[in-house]
Undergrad: 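Below is the structure I would like to discuss, written out as C-alpha coordinates.
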Amino acid sequence: MSKKDGVEEAIGGLLDAYDDDKEAIQYHVQLKKGDISDFVILPGDPGRVEFIADHFDKAEFVAENREYKTMTGEYKGRPVTVTSTGIGCPSTAIAIEELTNVGARTFVRLGTSGAMQEYTRVGEKVIATGAVRYEGTSVQYMPIEFPAVASHDMTMALKDSAIKNNIAYHLGIVQSKDSFYGQHNPEKMPIAEELRQKWDAWVKGGVLCSEMEAATIFVVGSYRKVRTGAVLLVAGDQARGESLSKEEYKDNMSESVKMILDSSLDIEVEE
Amino acid sequence: MFNKVEQVKHLPIRFGEVARYVIVPGDPNRIPIISKYLDNVEYQGQVREFNASRGTYKGVEVSVVSTGIGCPSTAIAVEELVYLGAEVFIRIGTSGSVDGSAKKGDIFIATAAVRDDGTSKQYMPIEFPAVADLGVVKNLINASESFSVPSKVGICQSKDSFFGEIDPSRMPISEYLDSKWKAWQGGSVGASEMEAATLFTLSQLFGVAAGAILAIETSDEKTIGKMTNIVLESIYYMEKEKNHV
(Lines give C-alpha, C1' and ligand atoms only; values in the text may rest on other atoms or scores of the structure.)
Protein backbone atom coordinates (compact mmCIF):
# COMPACT_ATOMS: atom_id res chain seq x y z
CA MET A 1 0.00 0.00 0.00
CA SER A 2 1.39 3.39 -0.98
CA LYS A 3 1.58 6.16 1.56
CA LYS A 4 -1.26 7.93 -0.26
CA ASP A 5 -3.52 4.87 -0.04
CA GLY A 6 -2.82 4.56 3.67
CA VAL A 7 -3.83 8.17 4.26
CA GLU A 8 -6.94 7.71 2.16
CA GLU A 9 -7.91 4.65 4.13
CA ALA A 10 -7.51 6.48 7.43
CA ILE A 11 -9.51 9.46 6.16
CA GLY A 12 -12.07 7.09 4.66
CA GLY A 13 -12.61 5.60 8.11
CA LEU A 14 -13.07 9.09 9.49
CA LEU A 15 -15.51 10.08 6.78
CA ASP A 16 -17.67 7.05 7.57
CA ALA A 17 -18.42 8.84 10.80
CA TYR A 18 -20.00 11.74 8.90
CA ASP A 19 -21.80 9.46 6.52
CA ASP A 20 -25.57 9.56 6.39
CA ASP A 21 -25.38 5.83 7.01
CA LYS A 22 -26.86 5.82 10.47
CA GLU A 23 -25.81 2.24 11.09
CA ALA A 24 -22.15 3.30 11.09
CA ILE A 25 -20.39 3.38 14.41
CA GLN A 26 -19.37 6.97 15.03
CA TYR A 27 -15.61 7.40 15.07
CA HIS A 28 -15.04 9.04 18.47
CA VAL A 29 -18.10 8.33 20.60
CA GLN A 30 -18.24 4.71 19.36
CA LEU A 31 -22.03 4.77 19.12
CA LYS A 32 -24.47 3.71 16.46
CA LYS A 33 -28.16 4.32 15.84
CA GLY A 34 -30.21 2.67 18.57
CA ASP A 35 -27.51 3.09 21.23
CA ILE A 36 -28.84 6.41 22.44
CA SER A 37 -32.12 8.25 23.02
CA ASP A 38 -33.17 11.53 21.41
CA PHE A 39 -32.54 13.36 24.72
CA VAL A 40 -28.90 13.55 25.75
CA ILE A 41 -27.45 15.05 28.92
CA LEU A 42 -23.89 16.29 28.44
CA PRO A 43 -21.57 16.54 31.44
CA GLY A 44 -17.94 17.40 30.79
CA ASP A 45 -16.47 14.79 33.11
CA PRO A 46 -16.68 11.08 32.14
CA GLY A 47 -16.46 10.39 35.88
CA ARG A 48 -19.84 12.08 36.33
CA VAL A 49 -21.70 9.87 33.83
CA GLU A 50 -22.47 7.07 36.25
CA PHE A 51 -23.52 9.53 38.95
CA ILE A 52 -26.02 11.09 36.54
CA ALA A 53 -27.29 7.72 35.31
CA ASP A 54 -27.90 6.73 38.95
CA HIS A 55 -30.83 9.19 38.82
CA PHE A 56 -32.46 7.33 35.91
CA ASP A 57 -35.05 4.63 36.65
CA LYS A 58 -32.91 2.24 34.67
CA ALA A 59 -29.59 2.69 32.91
CA GLU A 60 -27.14 0.66 30.93
CA PHE A 61 -23.53 1.28 30.01
CA VAL A 62 -23.24 1.65 26.23
CA ALA A 63 -19.75 2.72 25.21
CA GLU A 64 -16.59 4.44 26.33
CA ASN A 65 -13.79 5.82 24.18
CA ARG A 66 -11.36 8.62 25.06
CA GLU A 67 -13.34 11.23 27.09
CA TYR A 68 -16.68 10.03 25.73
CA LYS A 69 -18.59 7.74 28.06
CA THR A 70 -22.23 6.93 27.35
CA MET A 71 -25.06 5.38 29.34
CA THR A 72 -28.65 5.07 28.13
CA GLY A 73 -31.81 4.39 30.10
CA GLU A 74 -35.20 5.68 31.08
CA TYR A 75 -36.68 8.28 33.40
CA LYS A 76 -40.41 8.03 34.19
CA GLY A 77 -40.85 6.12 30.96
CA ARG A 78 -38.90 8.64 28.86
CA PRO A 79 -35.73 7.40 27.15
CA VAL A 80 -32.67 9.40 28.19
CA THR A 81 -28.93 9.21 27.52
CA VAL A 82 -25.89 10.71 29.19
CA THR A 83 -22.62 11.24 27.29
CA SER A 84 -19.55 13.06 28.59
CA THR A 85 -17.93 15.64 26.30
CA GLY A 86 -14.52 16.08 27.89
CA ILE A 87 -13.28 19.55 28.79
CA GLY A 88 -13.61 22.29 26.20
CA CYS A 89 -15.36 23.10 22.98
CA PRO A 90 -13.21 21.05 20.53
CA SER A 91 -14.17 17.67 22.01
CA THR A 92 -17.72 18.92 22.65
CA ALA A 93 -18.28 19.77 18.97
CA ILE A 94 -17.24 16.22 18.03
CA ALA A 95 -19.72 14.80 20.53
CA ILE A 96 -22.63 16.94 19.24
CA GLU A 97 -21.90 16.06 15.60
CA GLU A 98 -21.59 12.33 16.15
CA LEU A 99 -24.49 12.05 18.59
CA THR A 100 -26.73 13.94 16.17
CA ASN A 101 -25.68 11.53 13.42
CA VAL A 102 -27.07 8.62 15.43
CA GLY A 103 -30.35 10.16 16.57
CA ALA A 104 -29.82 12.77 19.30
CA ARG A 105 -32.29 15.67 18.88
CA THR A 106 -32.00 17.46 22.24
CA PHE A 107 -28.83 18.27 24.20
CA VAL A 108 -28.68 19.65 27.71
CA ARG A 109 -25.29 20.39 29.14
CA LEU A 110 -24.85 19.83 32.86
CA GLY A 111 -21.65 21.43 34.07
CA THR A 112 -19.86 23.33 36.75
CA SER A 113 -18.95 26.98 36.52
CA GLY A 114 -17.35 29.90 38.30
CA ALA A 115 -19.40 32.80 39.65
CA MET A 116 -19.08 36.12 37.85
CA GLN A 117 -21.59 38.34 39.63
CA GLU A 118 -21.97 39.47 43.21
CA TYR A 119 -25.32 37.69 43.25
CA THR A 120 -24.29 34.34 41.74
CA ARG A 121 -23.22 32.21 44.68
CA VAL A 122 -21.76 28.72 44.95
CA GLY A 123 -24.44 26.05 44.98
CA GLU A 124 -26.77 28.04 42.74
CA LYS A 125 -27.90 26.82 39.35
CA VAL A 126 -27.67 28.91 36.21
CA ILE A 127 -29.96 28.15 33.26
CA ALA A 128 -28.16 29.56 30.23
CA THR A 129 -30.15 31.56 27.67
CA GLY A 130 -27.01 32.24 25.63
CA ALA A 131 -23.22 32.08 25.81
CA VAL A 132 -20.31 34.40 25.16
CA ARG A 133 -18.30 32.83 22.31
CA TYR A 134 -14.82 33.35 23.83
CA GLU A 135 -13.64 30.05 22.38
CA GLY A 136 -12.05 28.85 19.18
CA THR A 137 -14.36 26.03 18.04
CA SER A 138 -17.68 27.66 17.21
CA VAL A 139 -15.95 30.21 14.94
CA GLN A 140 -14.92 27.27 12.74
CA TYR A 141 -18.66 26.70 12.23
CA MET A 142 -20.21 30.16 12.15
CA PRO A 143 -18.89 33.74 11.89
CA ILE A 144 -18.43 35.36 15.29
CA GLU A 145 -21.42 37.72 14.86
CA PHE A 146 -23.80 34.73 15.14
CA PRO A 147 -25.41 34.42 18.61
CA ALA A 148 -24.78 31.34 20.75
CA VAL A 149 -28.35 30.99 21.95
CA ALA A 150 -30.09 28.08 23.69
CA SER A 151 -33.43 26.83 22.31
CA HIS A 152 -36.25 28.79 23.91
CA ASP A 153 -38.48 25.74 24.45
CA MET A 154 -35.68 23.82 26.20
CA THR A 155 -34.84 26.83 28.36
CA MET A 156 -38.51 27.24 29.27
CA ALA A 157 -38.76 23.54 30.17
CA LEU A 158 -35.69 23.84 32.43
CA LYS A 159 -37.10 26.94 34.10
CA ASP A 160 -40.48 25.27 34.67
CA SER A 161 -38.74 22.22 36.10
CA ALA A 162 -36.68 24.38 38.49
CA ILE A 163 -39.83 26.08 39.74
CA LYS A 164 -41.66 22.74 40.11
CA ASN A 165 -38.75 21.25 42.07
CA ASN A 166 -38.31 24.35 44.23
CA ILE A 167 -34.77 24.87 42.98
CA ALA A 168 -33.43 28.44 43.07
CA TYR A 169 -32.07 29.38 39.67
CA HIS A 170 -30.61 32.24 37.65
CA LEU A 171 -31.55 32.73 34.02
CA GLY A 172 -29.17 34.47 31.65
CA ILE A 173 -25.96 34.57 29.66
CA VAL A 174 -22.87 32.54 30.57
CA GLN A 175 -19.29 32.83 29.32
CA SER A 176 -17.54 30.01 27.47
CA LYS A 177 -13.75 30.16 27.39
CA ASP A 178 -10.95 27.91 26.17
CA SER A 179 -8.28 28.66 28.75
CA PHE A 180 -9.14 27.54 32.26
CA TYR A 181 -5.98 29.05 33.72
CA GLY A 182 -6.43 32.21 31.69
CA GLN A 183 -9.49 32.82 33.80
CA HIS A 184 -7.99 31.72 37.09
CA ASN A 185 -4.58 33.40 36.74
CA PRO A 186 -5.01 36.03 34.03
CA GLU A 187 -2.10 38.11 35.34
CA LYS A 188 0.33 35.30 34.52
CA MET A 189 -0.71 35.25 30.85
CA PRO A 190 1.10 37.20 28.12
CA ILE A 191 -2.29 38.56 27.03
CA ALA A 192 -3.24 39.55 30.59
CA GLU A 193 -4.54 42.94 29.45
CA GLU A 194 -6.98 41.48 26.92
CA LEU A 195 -8.18 38.82 29.35
CA ARG A 196 -8.87 41.42 32.02
CA GLN A 197 -10.56 43.87 29.63
CA LYS A 198 -12.88 41.23 28.23
CA TRP A 199 -13.66 39.82 31.67
CA ASP A 200 -14.67 43.29 32.86
CA ALA A 201 -16.95 43.66 29.83
CA TRP A 202 -18.67 40.32 30.51
CA VAL A 203 -19.20 41.23 34.16
CA LYS A 204 -20.62 44.65 33.25
CA GLY A 205 -22.80 42.93 30.63
CA GLY A 206 -24.42 40.85 33.35
CA VAL A 207 -22.83 37.49 32.41
CA LEU A 208 -23.65 35.10 35.25
CA CYS A 209 -20.91 32.48 35.29
CA SER A 210 -17.92 31.12 33.41
CA GLU A 211 -17.61 27.65 31.88
CA MET A 212 -16.07 25.95 28.84
CA GLU A 213 -18.57 24.21 26.51
CA ALA A 214 -21.97 25.94 26.18
CA ALA A 215 -21.14 28.32 23.31
CA THR A 216 -20.18 25.50 20.97
CA ILE A 217 -23.17 23.38 21.99
CA PHE A 218 -25.51 26.26 21.11
CA VAL A 219 -23.83 27.22 17.81
CA VAL A 220 -23.32 23.69 16.50
CA GLY A 221 -26.86 22.93 17.68
CA SER A 222 -28.24 25.78 15.51
CA TYR A 223 -26.37 24.44 12.52
CA ARG A 224 -27.43 20.81 13.09
CA LYS A 225 -31.01 21.98 13.85
CA VAL A 226 -31.22 20.27 17.22
CA ARG A 227 -32.56 21.55 20.54
CA THR A 228 -30.04 22.78 23.11
CA GLY A 229 -29.95 23.97 26.71
CA ALA A 230 -27.54 24.18 29.62
CA VAL A 231 -27.58 24.07 33.39
CA LEU A 232 -24.43 25.24 35.14
CA LEU A 233 -23.88 24.65 38.81
CA VAL A 234 -21.85 27.46 40.35
CA ALA A 235 -19.10 25.44 42.02
CA GLY A 236 -16.52 28.13 42.66
CA ASP A 237 -16.34 31.83 43.42
CA GLN A 238 -12.91 33.34 42.78
CA ALA A 239 -13.77 36.75 44.17
CA ARG A 240 -14.93 35.35 47.51
CA GLY A 241 -12.56 32.38 47.55
CA GLU A 242 -15.50 30.01 48.02
CA SER A 243 -16.07 26.54 46.65
CA LEU A 244 -18.41 23.63 47.31
CA SER A 245 -17.43 20.84 49.67
CA LYS A 246 -17.62 17.31 48.28
CA GLU A 247 -20.96 16.70 49.97
CA GLU A 248 -22.45 20.03 48.87
CA TYR A 249 -21.23 19.38 45.36
CA LYS A 250 -22.95 15.99 45.26
CA ASP A 251 -26.25 17.30 46.64
CA ASN A 252 -26.32 20.27 44.29
CA MET A 253 -25.35 18.17 41.30
CA SER A 254 -28.15 15.78 42.23
CA GLU A 255 -30.65 18.65 42.24
CA SER A 256 -29.40 19.78 38.83
CA VAL A 257 -29.77 16.26 37.38
CA LYS A 258 -33.31 16.06 38.74
CA MET A 259 -34.12 19.42 37.16
CA ILE A 260 -32.89 18.27 33.74
CA LEU A 261 -34.59 14.86 33.96
CA ASP A 262 -37.94 16.44 34.83
CA SER A 263 -37.53 18.95 32.00
CA SER A 264 -37.06 16.02 29.59
CA LEU A 265 -40.68 15.02 30.26
CA ASP A 266 -41.79 18.28 28.58
CA ILE A 267 -39.85 17.40 25.43
CA GLU A 268 -41.65 15.19 22.97
CA VAL A 269 -39.77 11.99 22.12
CA GLU A 270 -38.40 12.24 18.56
CA GLU A 271 -37.60 9.15 16.59
CA MET B 1 -27.56 62.41 44.70
CA PHE B 2 -27.19 64.24 41.43
CA ASN B 3 -29.99 65.99 39.67
CA LYS B 4 -31.25 63.99 36.73
CA VAL B 5 -31.49 65.96 33.53
CA GLU B 6 -35.18 66.19 32.77
CA GLN B 7 -34.92 66.51 29.06
CA VAL B 8 -33.04 63.89 27.04
CA LYS B 9 -31.05 64.96 24.00
CA HIS B 10 -33.05 63.33 21.19
CA LEU B 11 -36.43 61.90 22.18
CA PRO B 12 -39.45 64.23 22.36
CA ILE B 13 -40.38 62.95 25.84
CA ARG B 14 -39.34 63.70 29.41
CA PHE B 15 -39.42 62.05 32.84
CA GLY B 16 -42.82 60.67 33.70
CA GLU B 17 -43.84 60.56 30.06
CA VAL B 18 -42.78 57.01 29.18
CA ALA B 19 -44.48 53.76 30.13
CA ARG B 20 -42.77 50.64 31.50
CA TYR B 21 -43.56 48.89 28.19
CA VAL B 22 -42.36 50.45 24.96
CA ILE B 23 -43.16 49.28 21.44
CA VAL B 24 -40.30 50.28 19.14
CA PRO B 25 -40.99 50.23 15.38
CA GLY B 26 -38.36 51.61 13.01
CA ASP B 27 -40.61 53.85 10.94
CA PRO B 28 -41.92 57.08 12.55
CA ASN B 29 -44.99 56.82 10.28
CA ARG B 30 -45.99 53.64 12.08
CA ILE B 31 -46.62 55.46 15.35
CA PRO B 32 -50.20 56.49 14.36
CA ILE B 33 -50.86 53.03 12.84
CA ILE B 34 -49.82 51.24 16.04
CA SER B 35 -51.49 53.83 18.28
CA LYS B 36 -54.87 53.04 16.69
CA TYR B 37 -54.87 49.90 18.85
CA LEU B 38 -54.45 51.88 22.09
CA ASP B 39 -56.98 53.69 24.26
CA ASN B 40 -56.38 57.16 25.67
CA VAL B 41 -53.75 57.94 23.03
CA GLU B 42 -51.57 60.98 23.42
CA TYR B 43 -49.19 61.96 20.65
CA GLN B 44 -46.02 63.33 22.18
CA GLY B 45 -44.34 64.80 19.13
CA GLN B 46 -41.46 63.96 16.84
CA VAL B 47 -37.78 64.94 16.81
CA ARG B 48 -35.80 63.65 13.82
CA GLU B 49 -36.79 59.97 13.31
CA PHE B 50 -38.02 59.67 16.89
CA ASN B 51 -41.81 59.89 16.95
CA ALA B 52 -43.57 59.12 20.25
CA SER B 53 -47.00 58.40 21.63
CA ARG B 54 -48.48 56.71 24.63
CA GLY B 55 -51.80 55.21 25.62
CA THR B 56 -53.29 52.21 27.37
CA TYR B 57 -54.24 48.65 26.42
CA LYS B 58 -56.61 46.79 28.75
CA GLY B 59 -55.63 49.37 31.33
CA VAL B 60 -51.86 48.84 30.94
CA GLU B 61 -49.81 51.90 30.02
CA VAL B 62 -47.84 51.50 26.80
CA SER B 63 -45.47 53.84 24.93
CA VAL B 64 -44.72 53.71 21.22
CA VAL B 65 -41.44 55.24 20.06
CA SER B 66 -39.83 54.91 16.63
CA THR B 67 -36.11 54.19 16.42
CA GLY B 68 -35.39 55.17 12.83
CA ILE B 69 -33.59 52.76 10.52
CA GLY B 70 -30.49 51.07 11.83
CA CYS B 71 -28.66 50.33 15.05
CA PRO B 72 -27.01 53.76 15.57
CA SER B 73 -30.32 55.61 16.05
CA THR B 74 -31.80 52.57 17.84
CA ALA B 75 -29.02 52.72 20.45
CA ILE B 76 -29.80 56.40 21.08
CA ALA B 77 -33.51 55.64 21.51
CA VAL B 78 -32.85 52.69 23.85
CA GLU B 79 -30.32 54.62 25.97
CA GLU B 80 -32.68 57.56 26.41
CA LEU B 81 -35.76 55.38 27.03
CA VAL B 82 -33.93 53.37 29.70
CA TYR B 83 -32.79 56.64 31.27
CA LEU B 84 -36.42 57.77 31.36
CA GLY B 85 -37.52 54.53 33.03
CA ALA B 86 -38.62 52.11 30.29
CA GLU B 87 -38.14 48.46 31.27
CA VAL B 88 -39.56 46.30 28.48
CA PHE B 89 -38.91 46.87 24.77
CA ILE B 90 -40.67 45.11 21.93
CA ARG B 91 -39.62 45.85 18.41
CA ILE B 92 -42.19 45.61 15.60
CA GLY B 93 -40.46 45.48 12.26
CA THR B 94 -40.27 44.20 8.73
CA SER B 95 -37.61 41.83 7.50
CA GLY B 96 -36.27 39.69 4.70
CA SER B 97 -36.26 35.91 4.56
CA VAL B 98 -32.86 34.20 5.02
CA ASP B 99 -32.85 30.39 5.21
CA GLY B 100 -36.34 29.97 3.75
CA SER B 101 -37.89 28.59 6.94
CA ALA B 102 -39.90 31.82 7.25
CA LYS B 103 -41.52 32.98 4.02
CA LYS B 104 -43.18 36.13 2.69
CA GLY B 105 -46.14 37.01 4.88
CA ASP B 106 -44.96 34.97 7.89
CA ILE B 107 -44.67 36.42 11.38
CA PHE B 108 -41.27 35.83 12.99
CA ILE B 109 -40.44 36.03 16.70
CA ALA B 110 -36.72 36.55 17.33
CA THR B 111 -34.92 34.64 20.09
CA ALA B 112 -31.54 36.22 19.32
CA ALA B 113 -29.77 38.27 16.65
CA VAL B 114 -26.65 37.97 14.52
CA ARG B 115 -24.52 41.00 15.40
CA ASP B 116 -23.78 42.05 11.83
CA ASP B 117 -24.07 45.66 12.96
CA GLY B 118 -21.46 48.20 13.97
CA THR B 119 -23.18 49.73 16.98
CA SER B 120 -23.42 46.82 19.40
CA LYS B 121 -19.64 46.31 19.04
CA GLN B 122 -19.11 49.75 20.53
CA TYR B 123 -20.84 48.47 23.64
CA MET B 124 -19.77 44.82 24.01
CA PRO B 125 -17.02 42.61 22.51
CA ILE B 126 -18.33 40.64 19.55
CA GLU B 127 -18.23 37.27 21.35
CA PHE B 128 -21.20 38.38 23.49
CA PRO B 129 -24.56 36.99 22.29
CA ALA B 130 -27.46 39.32 21.41
CA VAL B 131 -30.24 37.35 23.10
CA ALA B 132 -33.89 38.37 23.51
CA ASP B 133 -35.52 38.14 26.92
CA LEU B 134 -37.01 34.66 27.43
CA GLY B 135 -40.14 36.00 29.12
CA VAL B 136 -40.83 38.40 26.24
CA VAL B 137 -40.31 35.60 23.70
CA LYS B 138 -42.61 33.26 25.61
CA ASN B 139 -45.36 35.87 25.91
CA LEU B 140 -45.11 36.84 22.24
CA ILE B 141 -45.51 33.16 21.28
CA ASN B 142 -48.49 32.74 23.65
CA ALA B 143 -50.11 35.94 22.38
CA SER B 144 -49.73 34.96 18.73
CA GLU B 145 -51.32 31.60 19.56
CA SER B 146 -54.21 33.40 21.27
CA PHE B 147 -54.93 35.20 17.97
CA SER B 148 -54.40 31.94 16.04
CA VAL B 149 -51.56 33.60 14.13
CA PRO B 150 -48.94 30.99 13.29
CA SER B 151 -45.44 32.30 14.01
CA LYS B 152 -41.91 31.16 13.28
CA VAL B 153 -39.47 31.39 16.19
CA GLY B 154 -35.73 31.71 15.70
CA ILE B 155 -32.61 33.78 15.13
CA CYS B 156 -32.63 36.94 13.03
CA GLN B 157 -29.72 38.79 11.41
CA SER B 158 -29.16 42.49 12.05
CA LYS B 159 -27.22 44.26 9.31
CA ASP B 160 -26.18 47.86 8.71
CA SER B 161 -26.31 47.95 4.91
CA PHE B 162 -29.78 47.49 3.46
CA PHE B 163 -28.56 47.44 -0.14
CA GLY B 164 -25.72 45.10 0.80
CA GLU B 165 -28.44 42.52 1.45
CA ILE B 166 -30.77 43.42 -1.42
CA ASP B 167 -28.06 43.72 -4.07
CA PRO B 168 -24.77 42.36 -2.73
CA SER B 169 -23.33 41.85 -6.22
CA ARG B 170 -22.76 45.56 -6.75
CA MET B 171 -20.84 46.00 -3.49
CA PRO B 172 -17.03 46.07 -3.50
CA ILE B 173 -17.12 43.43 -0.75
CA SER B 174 -19.70 41.27 -2.55
CA GLU B 175 -17.81 38.04 -1.97
CA TYR B 176 -17.59 38.65 1.74
CA LEU B 177 -21.30 39.49 1.88
CA ASP B 178 -22.20 36.36 -0.06
CA SER B 179 -20.14 34.02 2.08
CA LYS B 180 -21.53 35.48 5.30
CA TRP B 181 -25.10 35.20 3.96
CA LYS B 182 -24.50 31.53 3.18
CA ALA B 183 -23.28 31.01 6.74
CA TRP B 184 -26.42 32.62 8.19
CA GLN B 185 -28.50 30.33 5.98
CA GLY B 186 -26.55 27.31 7.22
CA GLY B 187 -26.96 28.42 10.83
CA SER B 188 -30.77 28.47 10.59
CA VAL B 189 -31.19 32.26 10.58
CA GLY B 190 -34.81 32.98 9.64
CA ALA B 191 -35.09 36.74 9.14
CA SER B 192 -32.91 39.71 8.21
CA GLU B 193 -33.52 43.17 9.67
CA MET B 194 -31.57 46.15 11.01
CA GLU B 195 -32.13 46.89 14.71
CA ALA B 196 -32.54 43.79 16.91
CA ALA B 197 -28.85 43.07 17.62
CA THR B 198 -28.30 46.45 19.24
CA LEU B 199 -31.68 46.37 20.99
CA PHE B 200 -30.89 42.93 22.52
CA THR B 201 -27.25 43.70 23.40
CA LEU B 202 -28.08 47.00 25.08
CA SER B 203 -31.07 45.60 26.94
CA GLN B 204 -28.85 42.90 28.45
CA LEU B 205 -26.28 45.55 29.38
CA PHE B 206 -28.87 47.83 31.00
CA GLY B 207 -30.78 45.02 32.73
CA VAL B 208 -34.03 45.59 30.84
CA ALA B 209 -36.04 43.09 28.76
CA ALA B 210 -36.36 43.12 24.98
CA GLY B 211 -37.93 41.12 22.18
CA ALA B 212 -38.81 41.53 18.52
CA ILE B 213 -41.60 40.48 16.21
CA LEU B 214 -40.97 40.76 12.48
CA ALA B 215 -43.06 40.43 9.35
CA ILE B 216 -41.27 38.69 6.49
CA GLU B 217 -41.23 40.79 3.29
CA THR B 218 -44.55 42.44 4.14
CA SER B 219 -45.18 45.91 5.51
CA ASP B 220 -48.87 46.61 4.82
CA GLU B 221 -51.05 48.10 7.54
CA LYS B 222 -52.95 44.87 8.09
CA THR B 223 -49.76 42.98 8.95
CA ILE B 224 -48.54 45.80 11.22
CA GLY B 225 -51.96 45.64 12.90
CA LYS B 226 -51.68 41.87 13.35
CA MET B 227 -48.27 42.26 15.01
CA THR B 228 -49.51 45.15 17.15
CA ASN B 229 -52.36 42.99 18.49
CA ILE B 230 -49.89 40.25 19.40
CA VAL B 231 -47.46 42.67 21.05
CA LEU B 232 -50.15 44.44 23.07
CA GLU B 233 -51.60 41.15 24.27
CA SER B 234 -48.10 39.95 25.26
CA ILE B 235 -47.64 43.18 27.24
CA TYR B 236 -50.94 42.49 28.99
CA TYR B 237 -49.70 38.96 29.89
CA MET B 238 -46.42 40.37 31.21
CA GLU B 239 -48.20 42.93 33.35
CA LYS B 240 -50.39 40.16 34.79
CA GLU B 241 -47.32 37.99 35.49
CA LYS B 242 -45.54 40.88 37.15
CA ASN B 243 -48.44 41.55 39.48
CA HIS B 244 -48.65 37.89 40.45
CA VAL B 245 -45.05 37.76 41.61
Side-chain angles (χ1 to χ4, degrees), chain A residues 117 127-136 138-160 163 171-178 194-195 197-208 214-215 218-226 228-229, chain B residues 99 101 109-118 120-142 153-160 176-177 179-190 196-197 200-209 211:
Chain A
Q117 298 291 337
I127 301 171
T129 57
V132 171
R133 295 176 60 190
Y134 200 32
E135 40 79 35
S138 76
V139 289
Q140 293 181 17
Y141 281 86
M142 288 296 285
I144 188 65
E145 293 88 350
F146 187 80
V149 59
S151 304
H152 74 281
D153 52 353
M154 191 61 243
T155 309
M156 280 305 305
L158 288 167
K159 183 181 166 220
D160 290 345
I163 293 169
L171 188 69
I173 295 167
V174 304
Q175 180 235 21
S176 301
K177 62 186 178 286
D178 280 344
E194 183 198 315
L195 291 168
Q197 269 181 16
K198 291 250 169 123
W199 186 262
D200 285 351
W202 314 142
V203 172
K204 279 185 187 151
V207 175
L208 297 170
F218 297 160
V219 172
V220 179
S222 283
Y223 147 66
R224 292 300 306 258
K225 304 193 194 318
V226 292
T228 55
Chain B
D99 74 346
S101 60
I109 295 167
T111 57
V114 172
R115 292 176 57 191
D116 234 350
D117 69 308
S120 73
K121 299 182 187 96
Q122 293 181 15
Y123 283 87
M124 282 300 278
I126 189 60
E127 294 90 350
F128 188 82
V131 183
D133 180 80
L134 189 73
V136 175
V137 171
K138 178 195 78 177
N139 283 298
L140 283 171
I141 294 170
N142 291 346
V153 182
I155 297 167
C156 70
Q157 176 233 18
S158 301
K159 62 191 177 280
D160 280 346
Y176 170 82
L177 292 169
S179 71
K180 280 271 177 95
W181 189 258
K182 275 189 198 130
W184 310 144
Q185 288 178 321
S188 313
V189 174
F200 295 167
T201 303
L202 267 59
S203 68
Q204 171 68 22
L205 208 52
F206 297 146
V208 297

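Each chain gets a letter, A, B and so on, in the order its sequence line appears, and its residues count up from 1. Keep in mind that the numbers below use all heavy atoms, side chains included, and drop hydrogens, waters and symmetry copies. Because the structure is predicted, anything quoted here is derived from the model rather than measured.
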Undergrad: To the closest 0.5 Å, what do you measure between CD (Glu145(A)) and CD (Gln157(B))?
TA: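 Here the interatomic distance stands at 9.0 Å.
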Undergrad: Could you check whether any side-chain heavy atom of His152(A) comes within less than 4.5 Å of a side-chain heavy atom of Ile109(B), counting everything from C-beta outward?
TA: no
Undergrad: Please determine, among Ser120(B), Gly187(B), Ala112(B), the option with the most heavy-atom pairs under 4.5 Å with chain A.
TA: Gly187(B)
Undergrad: Shorter than 4.5 Å, heavy atoms on both sides: which option in Val149(A), Val220(A), Ile173(A) has the most such pairs with chain B?
TA: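 Option with the top pair count is Ile173(A).
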Undergrad: I'd like to verify something: which residue of Tyr134(A), Tyr141(A), Trp202(A) has the highest number of heavy-atom pairs under 4.5 Å with chain B?
TA: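 Maximum pair count with chain B is reached by Trp202(A).
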Undergrad: Sub-3.5 Å donor-acceptor pair from the side chain of Ser222(A) to the main-chain atoms of Ser188(B), do we have one?
TA: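 Side chain of Ser222(A) to backbone of Ser188(B): no pair is present.
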Undergrad: Out of Ala113(B), Gly186(B), Ala130(B), return the one with the most heavy atom pairs under 4.5 angstrom to chain A.
TA: Ala113(B)
Undergrad: Taking side-chain contact (heavy atoms from CB on, under 4.5 Å) as the criterion, tell me which of Glu194(A), Lys198(A), Arg133(A) meets it with Pro125(B).
TA: Lys198(A)
Undergrad: In terms of heavy-atom proximity below 4.5 Å to chain A, should Ile126(B) be classed as side chain, backbone, both, or neither?
TA: both
Undergrad: When only pairs under 4.5 Å are counted, which of Val131(B), Asp116(B), Leu134(B) shares the most heavy-atom pairs with chain A?
TA: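 Most heavy-atom pairs within the cutoff with chain A belong to Leu134(B).
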Undergrad: Atom CD1 of Ile141(B) and atom CE of Met156(A): how far apart are they, to the nearest 0.5 Å?
TA: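 Between Ile141(B) CD1 and Met156(A) CE, I get 8.5 Å after rounding to 0.5 Å.
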Undergrad: Starting at CG of Asp133(B), measure out to CG of Leu171(A) and round the result to the nearest 0.5 Å.
TA: 8.0 Å
Undergrad: Is there a side-chain contact between Phe128(B) and Gln175(A) in this structure, where contact means two heavy atoms from C-beta onward sitting under 4.5 Å apart?
TA: no
Undergrad: Name the region of Ala201(A), side chain, backbone, both or neither, that has any atom closer than 4.5 Å to a heavy atom of chain B.
TA: both
Undergrad: For chain B, which candidate among Gly130(A), Gly206(A), Gly205(A), Ser176(A) shows the most heavy-atom pairs at distances under 4.5 Å?
TA: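 Winner by heavy-atom pair count: Gly205(A).
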Undergrad: Quick check on Lys204(A): does its NZ atom have over 12 non-hydrogen neighbours (other residues, nucleotides or ligands) under 6.0 Å away?
TA: no
Undergrad: Let me know if Met142(A) has heavy atoms under 4.5 Å from chain B in its side chain, its backbone, both or neither.
TA: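 Only the side chain of Met142(A) comes within 4.5 Å of chain B.
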